[in-house]
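Note that ligands are numbered from 1 as they come in the structure, with each ligand's atoms numbered from 1 the same way.
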Amino acid sequence: MFNLSRYFSTLSFILIVLAAGVLGPLYQKISLDQLQDLAESRNLAMAQVFRNTLQPQLAALISQTVGRDEAPRETTEAMRGLRASVHDLLHDTAVIRLRIYNRLGNIVFSTDAGEVGQSRLDSEGFRTAMRGATLSDLSHRDNFQALLGSSAEVAVLATFIPIHGLDKAVEGAFEIDLDVSPFVTQLHRSLWWVTAGIVAVFGALDMLQYLVVRRAQGILEDQEGRIKAARDTLEIQVAARTDELRRTNSQLEGEIADRRKAQSKLNYLAYHDPLTGLANRRCFIERLEKSLDDAKRREERLAVLFIDLDQFKQVNDSLGHGVGDELLVSVAARLSEHVRLMDMLARLGGDEFICLMEGVRGPNEVEVLAGEIIAAFETPFRLGDHELFLSASVGISLFPDDGESVLDLLRDADTAMYRAKLLGRGNFHFYTPEMTRDAQARIRMENLLRRALDNGELAVHLQPQIEASSGRLVGAEALVRWHSPELGEVMPMSFIPLAEDSGLIVGLGNWVLRETCRQIMSWQESGFDLSQVSVNLSVKQLERPEFIDTLTAILDETGLAPERLKLELTESVVMAMDNSFALLERLRELGVGLALDDFGTGYSSLSYLKLLPVQQLKIDRSFVEGIGCNAGDEAIVRTVIELAGRLGFEVVAEGVETTQQAEFLAGLGCEQLQGYLHGRAVAPAEFRARWLVAK
Ligand code: C2E
Ligand code: CA
Ligand code: CA
């Protein structure tokens with residue numbers, strides 16, 4: 001560190017020496033001048049006093065000498081008188097000499113008698129006095145330093161003043177020489193003291209200043225030490241923090257990269273259907289929003305085509321999800337071929353696809369695209385061993401004709417698609433406002449159905465099942481009926497699909513099951529016996545994990561023997577369920593009977609069915625309908641009955657309306673008949689009255 005005290009002490013020492021060097025001589029000079037002035041004025045005053053005192057004698061003496069060659073004699077009376085006066089005057093004074101000059105520069109009187117007669121015409125003092133002025137002259141003055149050094153020498157101050165005559169004219173000069181040695185000695189002494197004082201004061205100041213600076217230096221050094229320690233600590237901390245930041249940074253970079261990857265994957269997943277790779281619902285909606293904005297600005301039209309596969313559910317149900325997924329991928333690929341590049345194809349979910357067509361000039365263009373889409377399904381899909389015939393229904397909505405928002409257009413296209421489906425498979429339909437009214441009616445119906453159970457608007461009707469050989473009643477099928485105060489009598493065909501879509505079917509189905517069992521037991525208690533009853537089951541009910549428990553509870557609650565209950569499941573439902581074998585097995589273990597409903601409409605093979613724990617097949621009404629008029633249907637009925645017989649299934653024909661059909665079926669060995677020929681489904685009271693006999 002910079003040594004402050006050393007620096008300051010050196011600097012101040014130099015300054016003090018300089019100050020002393022300047023102040024000392026200055027003081028000497030001032031003192032000398034003062035001394036001289038003092039001595040001069042004192043001497044001058046003294047000279048004037050002496051001259052004035054001696055004036056009368058002087059005038060006489062001077063006038064005597066002028067014009068004479070010889071000096072005045074000592075022995076004269078006047079001279080003696082003068083010398084005596086001078087002697088008196090000089091007594092006890094420091095005057096060492098007194099001279100008197102005449103006009104010619106000759107010494108006419110001197111305390112040093114030997115000098116009388118000598119000429120001092122060249123003397124500066126004399127000449128000054130002769131001009132009427134005064135002069136003081138300090139001998140040794142120029143050699144003052146030397147004078148100070150040695151006190152042995154005598155310092156003399158000579159003062160010259162003029163002597164005036166009566167006419168005021170200068171007659172001569174008067175000189176007195178004063179010994180100023182004591183002054184010089186005094187000055188010498190005081191100068192020494194002053195110098196000593198100056199040195200002492202400055203030395204003390206220097207010392208004090210040195211102490212102050214040394215203390216400051218100490219404080220500074222102390223501070224510096226602390227600052228250095230703090231700086232060192234700080235540096236260590238900074239280094240550690242830098243290190244940590246570097247590490248965190250690289251870690252962060254890694255994390256950011258990972259996150260970006262995950263983000264882009266998420267983005268892809270967020271906007272794409274993972275199965276088909278097509279855009280998903282969200283992606284489609286965002287694109288449609290943008291396209292709508294553009295179309296509004298450019299005053300263009302656009303079309304939304306809602307595509308739904310017709311038989312996908314059956315394929316999925318009967319061949320399994322794996323095949324279903326493969327089929328969806330193939331459908332996506334095939335649809336993509338037929339969609340113009342500028343249009344967008346997306347999968348909304350399940351077997352629903354959606355297509356956007358921009359810059360539409362008129363409905364004809366859209367019709368062409370819809371036709372292409374439907375035609376794309378004409379060639380069957382080959383999936384492994386399977387060759388699948390599929391069709392699609394297309395619903396179309398147009399902007400701005402049918403709606404201005406994404407939601408409106410999607411909803412309208414969906415509505416139109418439902419209508420297309422109703423027209424039969426492989427059709428397209430444009431949206432019309434009347435469809436919305438239908439859809440609203442559906443919504444209304446759904447809301448009413450929701451309340452129907454609680455309000456007791458539902459009832460179970462029973463349809464007889466007859467033994468073909470004897471015409472005896474062997475059982476009945478329970479069919480639900482809805483007496484709606486608002487809608488009137490509603491048939492299951494209109495509300496069961498609705499109940500399935502909305503999930504209401506679970507509560508409804510369980511209610512039918514309980515109500516049917518309760519009815520049979522109630523009849524039994526009153527002495528009427530119905531040996532067997534069939535109840536339809538929806539796949540939604542079966543899928544419930546708690547179904548077996550619910551069924552067990554219902555049987556326990558009502559006390560109906562399980563063998564008297566038969567559950568009707570459609571063929572496709574059984575094929576669709578992953579765990580159908582296990583589930584049916586458990587139902588079998590409970591002792592409940594199982595029937596395959598609507599048999600012949602699904603994809604299952606008889607050999608496969610043989611493995612199922614099912615006892616009864618119900619030949620679908622559509623085949624029975626063809627008896628007597630459709631050889632194909634008759635052939636199917638014959639084959640089914642024959643094979644079922646060989647495989648040990650009991651066969652029931654449903655929808656038997658004519659005796660011809662009944663006879664045909666009975667002739668082939670069909671065990672049971674069910675249909676309007678024998679009786680429609682009727683309310684329990686009527687059923688009991690018509691069919692049951694008290695024991
Ligand atoms: P399904 O199980 O095939 O029931 C037979 C349907 O055919 C019944 O119609 C019945 O009234 C009708 N039918 C019976 N004989 C004849 C006939 O000779 N000619 C004609 N044309 N029709 C006949 P329904 O009662 O309208 O039931 C329709 C469908 O609703 C049923 O078809 C069944 O799938 C479903 N369903 C009815 N009740 C329930 C239920 O409680 N639960 C479930 N899950 N589905 C039910
Ligand atoms: Ca049935
Ligand atoms: Ca049926």
_One pair to check against side-chain contact (heavy atoms from CB on, under 4.5 Å): R444 and L487. What are the steps and the verdict?_
CA-CA 10 Å; R444 177 162 177 247; L487 306 169; 3.8 Å; yes
Contact between ligand 1 and [X] is defined here as a heavy atom of the residue under 4.0 Å from a ligand atom; is it met?
X    : result
E477 : yes
Q674 : no
H461 : no

*Report the part of R621 (side chain from C-beta onward, or backbone N, CA, C, O) that has a heavy atom under 4.0 Å from ligand 1; answer both or neither where that applies.*
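For R621, the contact with ligand 1 is made by the side chain alone.
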*Would you mind telling me if ligand 1 is within reach of the side chain of V460, the backbone, both or neither, using heavy atoms under 4.0 Å?*
neither
*Check whether any N, O or S atom of S534 sits under 3.0 Å from the Ca ion (ligand 2).*
no
Just go through [options] and tell me whose heavy atom is the nearest to [atom].
atom                    : options                : result
atom 14 (C) of ligand 1 : Q463, E568, R481       : Q463
atom 21 (N) of ligand 1 : M493, E500, E657, E625 : E657
atom 26 (O) of ligand 1 : G675, P492, S534       : P492

Is [X] salt-bridged to [Y], going by a charged N under 4.0 Å from an acidic O?
X    : Y    : value
E486 : R451 : yes
R564 : D529 : yes
R472 : E467 : yes
R646 : E642 : yes

Where ligand 1 meets [X] - atom numbers and elements under 4.0 angstrom, heavy-atom basis:
X    : value
E654 : 3 (O)
V512 : 41 (O)
D598 : 3 (O)

*Between F495 and W482, what is the ring plane arrangement, given parallel below 30°, perpendicular above 60°, and tilted in between?*
perpendicular
*How are the rings of F687 and W691 set relative to one another: parallel (under 30°), tilted (30 to 60°) or perpendicular (over 60°)?*
tilted
*Quick check: does A681 get an N/O under 3.5 Å from an N/O on ligand 1?*
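No: no nitrogen or oxygen of A681 is under 3.5 Å from one in ligand 1.
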Looking only at N, O or S atoms, find the one in [X] nearest to the Ca ion (ligand 2) and name it.
X    : result
E568 : OE1
D597 : OD2
E477 : OE2

*Give a yes or no on whether R586 atom CZ has more than 12 heavy-atom contacts from other residues, nucleotides or ligands under 6.0 Å away.*
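Count not over threshold, so no.
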_Within 6.0 Å of CG in D556, more than 12 heavy atoms from elsewhere_ = yes
*So, is the end of the R442 side chain (NZ or CZ) under 6.0 Å from the ring centre of Y418 and within 45° of the ring's axis?*
yes
